[in-house]
Amino acid sequence: MRAAVRTGWRIGAAALRARAGRPLSQAAGESGGAEGGGGSGSREAVERLVREHPVVVFMKGSPAQPLCGFSNAVVQILRLHGVEDYRAHDVLQDPDLRQGIKNYSNWPTIPQVYLNGEFVGGCDILLQMHQNGDLVEELKKLGIRSALLDAEKDQEKK
């Protein structure tokens with residue numbers, strides 16, 4: 001399974017590199033589900049959600065009140081990097097969206113993280129990217145400077 005996850009990440013990273021020039025949305029906020037036709041769990045509705053913003057998280061609860069440890073870990077990792085402008089969708093509020101996002105990504109668990117419309121993975125993958133420095137690089141491609149880079153500079157000055 002780990003080999004499949006790594007292969008999936010490499011494919012996702014290549015797709016992210018190909019799309020890195022896409023302009024960032026300046027809109028902030030959270031939403032609870034999809035709007036428009038086709039139902040919130042339809043492939044079209046999920047596609048709209050993952051493409052609505054450069055950083056999208058499908059989670060249990062909200063960033064202000066995560067309702068599971070894995071969702072909380074994703075929120076904390078993003079917070080460590082200073083990523084505050086992202087879309088979060090609470091799958092507990094919409095069972096159709098909860099199943100729809102699992103079908104869309106072919107990934108059975110929540111949370112799920114998307115960068116520039118591409119599925120990155122869940123908590124375990126985001127944690128691994130954080131630990132090995134890949135998340136800093138992927139955020140940079142989105143035009144987001146990780147707050148950890150500034151923290152490193154502050155440490156070097158001391």
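Quick caveat: nothing in here was measured; it's all calculated off a predicted structure. The first residue of the sequence shown is numbered 1, and numbering continues consecutively from there.
- Annotation for Leu67: hydrophobic cluster partners, listed by chain and number, are Leu92 (ILVMFWY side-chain heavy atoms under 4.5 Å, direct or chained).
- In plain terms, the two heavy atoms of Ser105 and Gln112 that are nearest each other are OG-OE1, 2.9 Å.
- With sequence neighbours excluded, the residues forming a side chain to side chain donor-acceptor pair (under 3.5 Å) with Asn132 are Asp134, listed by chain and number.
- Contact annotation: the side chain of Arg145 never approaches that of Leu139 to less than 4.5 Å [non-hydrogen atoms, C-beta and beyond].
- His89 places a side-chain heavy atom less than 4.5 Å from the side chain of Val56.
- Leu80 shares a hydrophobic cluster with no other residue; no ILVMFWY side chain has heavy atoms under 4.5 Å from its own.
- Looking at Met59 and Asp90, their side chains never come closer than 4.5 Å, going by heavy atoms from C-beta outward.
- Not counting sequence neighbours, the partners of Glu47 by the salt bridge (charged side-chain N to carboxylate O under 4.0 Å, His left out) test are Arg51.
- Remark: Asn103 pairs with Gln99 by the side-chain contact (heavy atoms from CB on, under 4.5 Å) rule, at least two apart or across chains.
- No side-chain heavy atom of Pro108 sits under 4.5 Å from any side-chain heavy atom of Lys102.
- For Gln131, the side-chain contact (heavy atoms from CB on, under 4.5 Å) criterion is met by Leu127, not counting sequence neighbours.
- The ring of Phe119 has its center no closer than 6.0 angstrom to the ring center of Tyr104.
- A donor-acceptor pair under 3.5 Å is formed between the side chain of Asp94 and the backbone N or O of Asp96.
- The side-chain contact (heavy atoms from CB on, under 4.5 Å) test applied to Phe70 returns Cys68, Pro111, Cys123, not counting sequence neighbours.
- Contact annotation: the side chain of Asp85 approaches that of His53 to within less than 4.5 Å [non-hydrogen atoms, C-beta and beyond].
- Counting only heavy atoms from C-beta outward, the side chains of Phe58 and Leu49 approach each other to under 4.5 Å.
- Shown here are the side chain to side chain donor-acceptor pair (under 3.5 Å) partners of His130, two or more places apart in sequence or in another chain: His81.
- Heavy atoms only, all atoms of each residue included: Pro66 and Val75 are closest at CG-CG2, 4.3 Å.
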